[in-house]
Novice: 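If you scroll down you'll find the structure; I have some questions about it.
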Amino acid sequence: MKRIILIGPPGAGKGTQAVRLAAKEDFAWISTGDMFRDAIKKQTPMGCEAQKYVEGGLLVPDETVVGLVLERLEAPDCEKGFLLDGFPRTVAQAEALGAAFGKNSITAVLHIVVPEEILVSRIRKRAEEEGRVDDSVATFEKRLGVYLQDTAPVVAYYDSIGVLRTVDGVGDVEEVYQRILRVIE
Ligand code: AMP
């Protein structure tokens with residue numbers, strides 16, 4: 001059973017790689033970004049609360065995210081393992097996950113590394129193709145700032161407990177995917 005976490009800056013290709021991994025491995029794929037976008041589209045109470053953060057490129061407060069993810073992880077499909085895409089994004093979230101499952105319960109944390117200038121050009125392209133509300137270049141810069149401030153410490157946290165694996169995220173989708181497979185197998 002594998003419990004994998006994907007971490008990387010906005011535009012690193014987490015979602016793209018998660019789709020491929022989820023198709024190959026028998027585990028539940030959990031994207032907190034997708035959960036929020038879905039809740040916003042349906043205008044559920046949680047979606048209404050999250051909307052201003054997601055559209056502003058800010059993190060949804062930890063209590064909301066942690067509650068959502070821990071509840072999702074109780075679903076039967078997570079018993080065969082899971083892939084977390086976009087969570088944890090703060091050390092407090094990582095600690096909450098550790099408290100719920102045990103600090104040593106994560107198989108690997110894949111840190112996808114991409115230089116900033118490549119991220120910006122990918123984000124421009126995605127904004128045009130998908131029309132994501134949080135994908136303007138200005139919002140991207142804010143999201144990158146949030147990543148560096150709040151999520152970079154999560155990378156250090158998992159490194160300190162020995163589960164961090166660094167993956168070079170530059171190259172085409174298939175190349176990066178092959179690197180990921182080499183790391184998790
Ligand atoms: P993503 O698709 O993973 O880039 O997430 C899109 C947006 O959803 C983020 O910019 C945040 O506003 C929100 N979000 C997703 N995951 C989290 C998380 N773990 N903690 C806080 N906010 C999150």
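In this text the structure is predicted, and so the values were computed from the model without any measurement.
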Novice: Kindly compute the distance separating CD1 (Ile112) from CZ (Arg165), expressed to the nearest 0.5 Å.
Specialist: 14.5 Å
Novice: Using the side-chain contact (heavy atoms from CB on, under 4.5 Å) rule, take His111 and Val167 through it: C-alpha gap first, then chi angles, then the decisive distance, then the call.
Specialist: CA-CA 6 Å; His111 177 210; Val167 176; over 6 Å; no
Novice: Is there a side-chain contact between Leu21 and Leu181 in this structure, where contact means two heavy atoms from C-beta onward sitting under 4.5 Å apart?
Specialist: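 The answer is yes; the side chains approach within 4.5 Å.
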Novice: Do other residues, nucleotides or ligands put more than 12 heavy atoms under 6.0 Å from Lys80 NZ?
Specialist: yes
Novice: Is Ile5 reachable from Phe101 through a run of I, L, V, M, F, W or Y residues, each pair having side-chain heavy atoms under 4.5 Å apart?
Specialist: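 Yes; tracing contacts between hydrophobic side chains, which count when under 4.5 Å, links both residues.
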Novice: Compare all side-chain heavy atoms of Leu6 with those of Leu83 and state whether any distance is below 4.5 angstrom.
Specialist: yes
Novice: Roughly how far, to the nearest 0.5 Å, is OG of Ser121 from CD of Glu116?
Specialist: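 Between atom CD of Glu116 and atom OG of Ser121 there are 11.5 Å.
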Novice: What I'd like to find out is whether the side chain of Ile7 reaches to under 4.5 Å of the side chain of Val109, using heavy atoms alone.
Specialist: yes
Novice: Can you see which heavy atom on Gly171 is nearest to which on Arg122, and at what distance?
Specialist: O-NH2, 4.0 Å
Novice: Does the ring centre of Phe140 sit less than 6.0 Å away from the ring centre of Tyr147?
Specialist: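 Not close enough - the centres of the two rings lie 6.0 Å or further apart.
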Novice: Is there a side-chain contact between Thr90 and Gln93 in this structure, where contact means two heavy atoms from C-beta onward sitting under 4.5 Å apart?
Specialist: yes
Novice: Measure the spacing between CZ of Arg89 and CG of Leu84 and express it to the nearest 0.5 Å.
Specialist: 11.5 Å
Novice: CD of Glu79 to CD of Glu74: how many Å apart, nearest 0.5 Å?
Specialist: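 So the CD of Glu79 and the CD of Glu74 are separated by 10.5 Å.
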Novice: Minimum heavy-atom separation for Trp29 and Ala22, please, with both atom names.
Specialist: CB-CB, 3.7 Å
Novice: Please tell me if the side chains of Met1 and Phe27 come closer than 4.5 Å, counting only heavy atoms from C-beta onward.
Specialist: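 Result no, sub-4.5 Å side-chain heavy-atom pair not found.
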Novice: If Ile, Leu, Val, Met, Phe, Trp and Tyr residues are connected whenever their side-chain heavy atoms lie under 4.5 Å apart, and connections chain through other members, are Val154 and Val113 in the same group?
Specialist: no
Novice: Atom CG of Asp85 and atom CG of Leu110: how far apart are they, to the nearest 0.5 Å?
Specialist: 11.0 Å
Novice: Considering residues at least two apart in sequence or located in another chain, which fulfil the salt bridge (Lys or Arg N to Asp or Glu O under 4.0 Å) criterion with Glu71?
Specialist: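 By the salt bridge (Lys or Arg N to Asp or Glu O under 4.0 Å) rule, Glu71 matches no residue at all.
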Novice: Report the residues that fulfil side-chain contact (heavy atoms from CB on, under 4.5 Å) with Glu141, sequence neighbours left out, ordered by chain and then residue number.
Specialist: Val137
Novice: Can you check whether Ile30 reaches Phe87 side chain to side chain, under 4.5 Å on heavy atoms?
Specialist: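 A side-chain contact is absent here, since even the closest heavy-atom pair is not under 4.5 Å.
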Novice: Donor-acceptor pair, distance only, cut-off 3.5 Å: does the side chain of Gln17 make one with the backbone of Val173?
Specialist: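 The answer is yes, because a donor-acceptor pair under 3.5 Å joins these two groups.
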Novice: Is there a donor-acceptor pair closer than 3.5 Å between any side-chain N or O of Arg179 and the backbone N or O of Asp168?
Specialist: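 Here the side-chain-to-backbone pair exists.
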Novice: Assess whether salt bridge (Lys or Arg N to Asp or Glu O under 4.0 Å) is satisfied between Arg72 and Asp77, documenting all intermediate values.
Specialist: CA-CA 9 Å; Arg72 176 67 186 86; Asp77 64 327; 2.8 Å; yes
Novice: Using only atom types and a distance under 3.5 Å, with no angle test, would you say the side chain of Glu175 pairs donor to acceptor with the backbone of Asp172?
Specialist: yes
Novice: side-chain contact (heavy atoms from CB on, under 4.5 Å) for Met35 and Met46? Distances and angles first, verdict last.
Specialist: CA-CA 10 Å; Met35 289 168 94; Met46 201 262 297; 5.6 Å; no
Novice: If you draw a 6.0 Å radius around NZ in Lys24, do more than 12 non-hydrogen atoms from other residues or ligands fall strictly inside?
Specialist: yes
Novice: Is any side-chain heavy atom of Arg124 closer than 4.5 Å to a side-chain heavy atom of Val120?
Specialist: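 A side-chain contact under 4.5 Å exists here.
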Novice: Checking side-chain contact (heavy atoms from CB on, under 4.5 Å) for the pair Val69/Leu73: CA distance, chi angles, key distance, verdict?
Specialist: CA-CA 6 Å; Val69 172; Leu73 289 175; 3.8 Å; yes
Novice: Could you check whether any side-chain heavy atom of Glu25 comes within less than 4.5 Å of a side-chain heavy atom of Ile184, counting everything from C-beta outward?
Specialist: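 Side chain of Glu25 against side chain of Ile184, heavy atoms only: contact under 4.5 Å found.
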Novice: Kindly say whether Arg3 contributes a backbone atom to a donor-acceptor pair with the side chain of Thr107 at under 3.5 angstrom?
Specialist: yes
Novice: Mind checking salt bridge (Lys or Arg N to Asp or Glu O under 4.0 Å) for Asp159 and listing every partner two or more places apart, or none if nothing turns up?
Specialist: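 Salt bridge (Lys or Arg N to Asp or Glu O under 4.0 Å) check on Asp159 returns nothing, list empty.
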Novice: Which value, rounded to the nearest 0.5 Å, describes the distance between Arg143 atom CZ and Leu59 atom CG?
Specialist: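 The CZ atom of Arg143 sits 9.5 Å away from the CG atom of Leu59.
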